[in-house]
Every structure is written in C-alpha cells, then in structure tokens.
Amino acid sequence: MRMRRLLWGAGLLALMGMGAGCAHDEAKQARSRGEKVGEAFAEKVRYADQLSLLNQEQIVLGHLALQKSSEPEVQAFAQDLIRNHQKSQEDLQTLAQSKAFSLAAVDLSTQDLAIGGAGTEGAMQGMEKGEEKYDKKFDKQVNQFLERRNELAGLSGREFDRAFLQQVKKDQERGEELIDKGLKEYRDDTSLALLLTRTSPVIQAQQQRIETLRGFIGD
C-alpha cells in the first residue's frame, strides 16, 4: 500500500471535546457520538487528500513539460502550473497542521495514537470506517497517474504538447469539481472555504490558458 495515514490525537480530542470517564449507557452514547465525529473528520481528511493529490500531480506534470516541451509558451505555462500548485499545496499543508491532521503521502509511516476514553474509541472506529476501501482507491489513483505520466514521457514535440495540455485540462476540470464540492460540503469551515475560494479563480484561469495554448499549437 502506497499511502499511510498519520492522524494526530490532540486535534481529534479538541474537536470532540469529550471526557474519558463514562457510565455504561453514557459510554455507549459517547461511542456513537464519537463515531460520527470520527467519520466526519475522516471524510474531511480524505477530501484534503484529493486536493493534495491533484497538486502533486500537476507539479509532476509541470516538471515533465519543462523537460519534454520545446515550445516556450508551453514551458511558461508549465512553470506557472508548478508555482500555483506548490502554493496551493503549501496552503493546504498549513491548513492540515492547523486542524491537526496529515495529508496522504507515498510511503508515509504510521504512528500509534496514545489516547483513551469511550467517546474517543468511537471516534477512532469512525475514522477507520472505510479506511481500507479508501486506501485502495488512493493507491489506484496513484498507479493510474503514473501510467499517464509514463505515456506522456514517451512522447515528444507537438505530440507531447497536445497530450500534456489535454491531460492537464482534465485534471483542472477535476480540480474545479473538487472545489465546488468542498464549497458546498464544508462552507461552515471558514479556513477551508477561504482556501477553496482563493484556489477557484486560479483553476479557472489555468483552464482558460490551456484553451489559448491549444489554439496556438493546434489541437
């Protein structure tokens, strides 16, 4: 498995605001509440993963274009693509740190959480719900990207430029869908909504620039 998750217990406990000691019925209710909190927390982390994966993909493709393309306009776009998504990734990392979770990464080592209490047990169960399925999905996404990247690396000249712009166009459309989804589902999360609001016009501008470049080099 390529991806490993590190979730910081302090952030989850702060989010839950739960005590460790509970009677039997209260403990049962606390586990149920905790599981719901854990599920919601995990979903937000996984959403952030998708934004992070998009950023990392675009940075890799941008560097590939700098190596493979001989068209100055495409190279200039690739440089901006790298810079924009590096900035987006830095902002996302800062957001993740502020909310006490880590983003998915290749070969990221795990770390056990030393926390306790019935509510926290439920939260951990909630976070782990669907984790295996998600990890497989993430691994598949990474493998599919590597295949696309290798296909692009085998091209040259205008053939590469066209394929590169077509791939980035698809990726940017995916990014726009992700942002729209996040603004709907996490509009109450001020810091995340602000990040998405800042990112949206960048994605749109990159899509417009791709269309201009495709017309310039010939679609």
Side-chain angles (χ1 to χ4, degrees), residues 1-16 18 30-61 85 88-115 117 119-150 167 170-189 191-193 195-196 199-200 203:
M1 184 170 61
R2 295 177 182 275
M3 189 269 288
R4 293 290 186 272
R5 168 73 57 216
L6 170 63
L7 289 170
W8 299 343
L12 181 60
L13 286 173
L15 181 65
M16 291 168 58
M18 291 181 178
R31 287 191 184 93
S32 178
R33 291 194 302 270
E35 185 171 350
K36 291 178 181 178
V37 170
E39 286 180 24
F41 186 74
E43 282 302 312
K44 186 177 290 188
V45 172
R46 291 164 189 165
Y47 172 75
D49 280 349
Q50 293 301 306
L51 293 174
S52 175
L53 182 60
L54 175 70
N55 287 331
Q56 294 177 67
E57 288 176 352
Q58 300 309 281
I59 292 168
V60 169
L61 292 180
H85 283 277
S88 177
Q89 186 68 4
E90 289 169 2
D91 290 345
L92 192 59
Q93 290 280 9
T94 300
L95 177 71
Q97 291 172 6
S98 73
K99 294 183 179 299
F101 67 81
S102 65
L103 299 169
V106 177
D107 296 330
L108 186 66
S109 300
T110 59
Q111 180 173 315
D112 294 331
L113 297 176
I115 54 179
T120 306
E121 289 171 11
M124 292 302 298
Q125 290 172 0
M127 285 192 300
E128 292 168 359
K129 203 173 206 179
E131 182 178 7
E132 183 176 355
K133 182 179 179 180
Y134 175 75
D135 287 354
K136 288 180 180 179
K137 174 187 174 182
F138 190 88
D139 289 350
K140 183 178 180 180
Q141 287 178 298
V142 171
N143 286 326
Q144 288 175 338
F145 169 73
L146 292 175
E147 289 175 4
R148 296 194 302 271
R149 191 261 181 205
N150 290 339
Q167 183 58 57
K170 292 179 180 178
D171 294 339
Q172 296 295 305
E173 289 172 349
R174 187 174 105 235
E176 189 171 23
E177 290 175 359
L178 272 173
I179 290 171
D180 289 344
K181 176 184 177 182
L183 287 172
K184 290 177 182 176
E185 295 186 7
Y186 303 115
R187 57 183 177 273
D188 293 334
D189 186 326
S191 54
L192 178 55
L195 182 149
L196 296 175
T199 305
S200 181
I203 294 290

Original post:
Taking atom CD of E173 and atom CG of L178, what is their separation to the nearest 0.5 Å?
Top reply: 12.5 Å
**OP:** Quick one: pull up NZ in K99 and CG in L192 and give me the separation to the nearest 0.5 Å.
**Re:** 7.0 Å
**OP:** List the atom of A48, the atom of L92, and the distance in Å for their closest heavy-atom pair.
**Re:** O-CD2, 3.5 Å
With a cut-off of 3.5 Å and sequence neighbours excluded, list every side-chain donor-acceptor pair involving residues 179-186.
none

Original post:
Does the side chain of E57 come within less than 4.5 Å of R149's, by heavy atoms?
Top reply: no
**OP:** Applying side chain to side chain contact (heavy atoms under 4.5 Å, CB included), run through I59 and Q56 and close with a yes or a no.
**Re:** CA-CA 5 Å; I59 292 168; Q56 294 177 67; 5.6 Å; no
Original post:
Is R174 salt-bridged to E177, cutoff N-O under 4.0 Å?
Top reply: no
Original post:
For residues S200 and E176, is any side-chain donor paired with an opposing acceptor at under 3.5 Å?
Top reply: no
Subject >> Donor-acceptor contact below 3.5 Å, side chain T199 vs main chain L195 >> reply: yes
**OP:** Go through K140 and Q144 one step at a time and tell me if the side chain to side chain contact (heavy atoms under 4.5 Å, CB included) criterion holds.
**Re:** CA-CA 6 Å; K140 183 178 180 180; Q144 288 175 338; 3.3 Å; yes
**OP:** Examine the side chains of E90 and T94 and answer whether a donor and an acceptor come within less than 3.5 Å of each other.
**Re:** no
**OP:** Quick one: do F145 and L53 satisfy side chain to side chain contact (heavy atoms under 4.5 Å, CB included)? Show the steps, please.
**Re:** CA-CA 10 Å; F145 169 73; L53 182 60; over 6 Å; no
Original post:
Could you give the distance from CZ (F41) to CZ (R46), rounded to the nearest 0.5 Å?
Top reply: 11.0 Å
Original post:
Roughly how far apart are D49 CG and F138 CZ, rounded to 0.5 Å?
Top reply: 5.5 Å
Original post:
If we ignore angles and hydrogens, is there a donor and acceptor under 3.5 Å between the side chains of Q141 and Q50?
Top reply: yes
Original post:
N143 and E147: side-chain donor and acceptor closer than 3.5 Å?
Top reply: no
Original post:
Nearest 0.5 Å, what's the CG-CD distance between L103 and Q93?
Top reply: 4.5 Å
Original post:
From L51 CG over to Q89 CD, what is the distance, rounded to the nearest 0.5 angstrom?
Top reply: 9.0 Å
**OP:** Would you confirm whether S88, through its side chain, and H85, through its main-chain N or O, come within 3.5 Å as a donor-acceptor pair?
**Re:** no
Original post:
side chain to side chain contact (heavy atoms under 4.5 Å, CB included) between S52 and L54: does it pass, once the steps are laid out?
Top reply: CA-CA 5 Å; S52 175; L54 175 70; over 6 Å; no
